[in-house]
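Here the structure comes first, spelled out in structure tokens, and everything after it is commentary.
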Amino acid sequence: MAKQDKLVEAITAMDQDFAQWYTDVVLKAELIDYSAVKGCMILRPYGYAIWENIMQNLDRMFKKTGHENVAMPMFIPESLLQKEKDHVEGFAPEVAWVTHGGNDKLTEKLCIRPTSETLFCDHYANIIQSWRDLPKLYNQWVSVVRWEKTTRPFLRTTEFYWQEGHTAHATAAEAQEETLRMLETYATFYRDYLAIPVVRGQKTDKEKFAGAVSTYTVEAMMHDGKALQSATSHYFGDGFAKAFGIQFTDKNNTLSYVHQTSWGLSTRSIGAIIMVHGDDNGLVLPPRIAPIQVVLVPIAAHKPGVLEKVRAVADDLGELFRVKLDESDKMPGWKFAEYEMKGVPLRLEIGPRDLENNQCVAVRRDSGEKVTLSLDNLATEVKRLLDEIHTGLYKKAEDSLNSRIYDAKDWATFTDLIANKPGFIRAMWCGDLACELKIKEETTATSRCMPFEHTANGDTCVCCGKPADKLVMWGKAY
RNA sequence: CGAGGUGUAGCGCAGCUGGCUAGCGCGCCUGCUUUGGGAGCAGGAUGCCGGAGGUUCAAAUCCUCUCACCUCGACCA
């Protein structure tokens with residue numbers, strides 16, 4: 001009764017207003033705060049801790065595949081940005097410019113990086129001479145600025161944190177292989193760390209990155225059936241190399257251009273975590289990136305022995321897991337609700353009753369299930385539960401994704417599905433930009449990607465009826 | 001950038017047909033009692049009423065301008 005009222009009061013129900021639920025969660029779980037600059041968010045400790053765990057694990061995967069981290073400047077001279085035509089056309093409308101240094105006007109204005117292809121290319125042109133210098137497998141963890149018209153925490157902010165990988169290779173085949181390897185790395189990361197299933201695929205020309213030959217994406221489905229482009233990997237061919245003069249002498253003593261890639265994953269991934277796993281009580285965090293994996297709540301902490309025992313357990317578990325012991329004088333019920341809202345995967349309660357029996361009560365965030373655990377092999381049991389939670393979250397998200405992918409073979413079915421069934425639609429496409437534009441115009445759905453794994457579900461375009469051999473995954477997107 | 005909306009205590013809001021000392025809930029601080037699902041009692045602190053102009057004896061309240069934020073579109077990771 002009182003509890004239900006309070007919870008409803010704190011967080012808007014998902015089904016009532018999903019957008020408001022999202023805003024409530026990011027603020028109440030203390031992931032972010034709004035800042036003095038429009039569209040910029042402050043990543044608060046709890047939100048930043050999630051990002052730290054994402055960085056740590058993804059960075060390890062990058063290092064394993066031979067990548068090195070660097071740090072480029074945040075400024076790009078206007079002339080440098082303009083070297084690649086498609087690239088500048090794509091980004092110019094949304095860059096922020098620095099025009100003054102102190103009180104003096106700069107002779108050339110500087111753009112605050114919206115992405116760093118131009119800086120990496122300029123640098124590569126200087127340091128690559130021989131095939132022995134290749135490949136260059138660089139990555140950086142930085143923030144970038146894009147002057148977006150409307151913003152939402154994590155999903156679209158004026159400044160956002162991300163990693164951008166930029167690589168240069170001797171051959172096209174090698175670069176293409178790298179592009180797909182990194183896409184696969186993202187898909188694996190989403191599955192193994194964020195417990196989120198994704199659809200891998202290639203972007204249509206309309207949706208591809210400015211300056212790329214081809215763009216690949218991993219698309220995730222949010223609770224409301226909308227798509228979130230969750231990471232992208234681009235193959236550049238030698239387009240940037242020619243614009244920036246990145247040449248090397250190959251094994252045959254021939255001067256050649258490098259072939260390049262870039263790939264990125266941003267703090268938007270935190271938005272995906274929230275919108276895939278969250279529920280009406282707030283966040284539900286996948287154990288492997290949760291800042292707190294286990295929260296310990298003492299019950300009747302003033303009773304003899306309780307605090308001593310709970311501290312000892314916290315010390316033990318702290319060796320293996322990210323553990324928080326909440327010794328504050330809040331009521332236990334308050335703590336339960338608080339850590340549920342913050343998405344902590346596992347809660348352990350220890351009170352006088354448990355002391356007598358050498359046990360504790362464990363409560364799972366994902367299912368609410370309560371079990372009694374012996375303190376003797378607690379670490380083993382905690383490990384098992386956290387793994388189970390991860391697997392369970394993934395399974396649930398996978399079922400949710402698979403159950404909302406529909407097939408449309410004709411226009412009537414397509415428009416009906418878009419209007420009435422939140423989710424993705426698989427439909428054939430003739431490849432004509434006009435059809436893609438018409439679909440967007442009339443349904444607000446966009447082509448999310450041409451999935452790698454698919455079987456054609458027809459041979460005519462869902463829009464114009466002409467022969468079609470491309471299967472596209474369509475959907476409304478964030 | 002188009003269309004709507006909101007700015008009053010840390011948060012959520014009331015007050016707004018001008019009127020006297022600006023209020024409520026939650027939170028916060030102190031003390032005591034409590035502790036297995038958001039505790040109880042007692043005491044306490046907190047406001048340039050988003051900003052700037054105007055009208056008036058008198059402005060949170062009326063007028064003008066401005067800024068910020070939110071939602072929905074168009075644009076994008």
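Letters A, B, ... are given to chains in the order of the sequence lines, protein chains preceding strands, and every chain is numbered from 1. Just so it is clear, the model here is predicted, and its values are computed rather than measured.
Note: NZ (A/K335) to P (B/rU35) measures 13 Å, nearest angstrom. Taking atom OH of residue A/Y478 and atom C1' of nucleotide B/rC72, one finds them 13 Å apart after rounding to whole Å. With rounding to whole Å, A/E148 atom CD is found 16 Å from B/rG73 atom P. Per the geometry, CG belonging to A/D329 stands 16 Å off P belonging to B/rG38, to the nearest Å. The distance from atom CG of A/N281 to atom P of B/rG37 is 15 Å, rounded to the nearest whole Å. Between A/R347 atom CZ and B/rG36 atom P there is a gap of 12 Å when expressed in whole angstrom units. What separates NZ of A/K330 from C1' of B/rU34 is a distance of 15 Å, to the nearest Å. Between the P atom of B/rU35 and the CZ atom of A/F336 lies a distance of 13 Å, rounded to the nearest Å.
Separating the C1' atom of B/rC72 from that of B/rC29 is a span of 43 Å, rounded to the nearest Å. Comparing B/rA74 with B/rA3, their P atoms sit 16 Å apart, to the nearest whole Å. For the P atoms, the distance linking B/rU34 with B/rC41 amounts to 16 Å, nearest Å. Here the separation of B/rG47 from B/rA9, taken at their P atoms, is 10 Å to the nearest Å. Comparing the C1' positions of B/rU21 and B/rA60 gives a spacing of 15 Å, expressed to the nearest Å. Straight-line distance between the C1' atoms of B/rA45 and B/rG31: roughly 16 Å, to the nearest whole Å. B/rU8 and B/rG15 have their P atoms separated by 14 Å, with the value rounded to a whole Å. Nucleotides B/rG12 and B/rA58 are separated by 34 Å at their P atoms, to the nearest Å.
Cation-pi geometry between A/R347 and A/F336 is met: the NZ or CZ atom falls under 6.0 Å from the ring centre, inside 45° of the normal. A/W162 carries A/R146 over the face of its six-membered ring, with the cationic atom under 6.0 Å from the centre and within 45° of the normal.
No contact: A/Q20 has no heavy atom under 4.0 Å from any strand. Residue A/G264 is out of contact with every strand shown, counting any heavy-atom pair closer than 4.0 Å. Among the atoms of the strands shown, none is found under 4.0 Å from any heavy atom of A/K203. Within the 4.0 angstrom heavy-atom criterion, no nucleotide atom of any strand lies near A/V144. Among the atoms of the strands shown, base atoms are found under 4.0 Å from some heavy atom of A/P352. No engagement by A/T115 is indicated, since no non-hydrogen atom pair under 4.0 Å with the nucleic acid exists. Heavy atoms of A/T232 sit nowhere under 4.0 angstrom from any nucleic acid atom. Among the heavy atoms of the strands lying under 4.0 Å from A/E349 is at least one base atom, whether or not backbone atoms are also near. Heavy atoms of A/L155 sit under 4.0 angstrom from at least one base atom. Using a 4.0 Å heavy-atom criterion, one finds that A/F209 contacts no nucleic acid atom at all. Note on A/T157: a base of the nucleic acid sits closer than 4.0 angstrom, heavy atoms only.
Nucleotide B/rU55 is matched to nothing when pairs are restricted to Watson-Crick or G-U wobble geometry with both distances under 3.5 angstrom. Across all strands shown, B/rU71 pairs with B/rA3; the Watson-Crick or G-U wobble distances both stay below 3.5 Å. Nucleotide B/rU61 has no partner under the Watson-Crick or G-U criteria, as no pair reaches both atom distances under 3.5 Å. As the counterpart of B/rG38, no nucleotide is assigned, since no Watson-Crick or G-U wobble pattern has both distances under 3.5 Å. When both distances must be under 3.5 Å, the Watson-Crick or G-U wobble mate of B/rC28 is B/rG44. In this structure, B/rC13 forms a base pair with B/rG23, meeting either the Watson-Crick or the G-U wobble geometry with both donor-acceptor distances under 3.5 Å.
Taking side-chain N and O atoms only, A/K208 has no distance below 4.0 Å to OP1 or OP2 of B/rC76. The phosphate of B/rU71 has OP1 or OP2 within less than 4.0 Å of a side-chain N or O from A/T23.
Between the side chain of A/R156 and the base of B/rC76 there is at least one donor-acceptor pair of N/O atoms closer than 3.5 Å.
The pair A/K438-A/E441 fails the salt-bridge criterion, with no side-chain N (NZ, NE, NH1 or NH2) lying under 4.0 Å from an Asp/Glu carboxylate O. Between A/K203 and A/E219, at least one side-chain nitrogen of the basic residue sits less than 4.0 Å from a carboxylate oxygen of the acidic one, meeting the salt-bridge criterion. The pair A/E184-A/R200 counts as a salt bridge, with a side-chain nitrogen and a carboxylate oxygen less than 4.0 angstrom apart. Here A/K342 pairs with A/E30 in a salt bridge; the nearest charged N to carboxylate O distance falls below 4.0 Å.
Of the candidate nucleotides B/rA77, B/rG38, B/rU71, B/rA77 has the atom lying nearest to any side-chain atom of A/F160. Closest to the side chain of A/A337, from the set B/rG36, B/rA77, B/rG38, is B/rG38. Considering only side-chain atoms of A/W334, the nucleotide from B/rG37, B/rG36, B/rG38 that sits closest is B/rG38. Distance from the side chain of A/M331 is smallest to B/rU35 among B/rC76, B/rU71, B/rU35.
Listed by residue number, A/I299, A/A300, A/H302 are the residues of residues 295-303 of chain A with a heavy-atom contact under 4.0 Å to RNA chain B.
Ring centers of A/Y138 and A/Y124: under 6.0 Å apart, within the cut-off.
Paired with A/Y22 under the rule side chain to side chain contact (heavy atoms under 4.5 Å, CB included), one option of A/D224, A/I274, A/L27 passes, and it is A/I274. The side-chain hydrogen bond (donor to acceptor under 3.5 Å, both in side chains) with A/N139 is formed by just one residue from the set A/H67, A/Q163, A/H166, A/K63; it is A/Q163.
Looking at residues two or more places apart in sequence or on another chain, you find a ring pair (Phe, Tyr, Trp, His ring centres under 6.0 Å) between A/F236 and A/F209, A/F240.
Using a 4.5 Å heavy-atom cutoff, the side chains of A/K208 and A/S214 are not in contact.
Each of A/K440 and A/V363 was matched to the nucleotide of RNA chain B holding its nearest heavy atom; the match closer to the 5' end belongs to A/V363. Judged by closest nucleotide on RNA chain B, A/R353 is the one of A/R353 and A/T151 placed further toward the 5' end.
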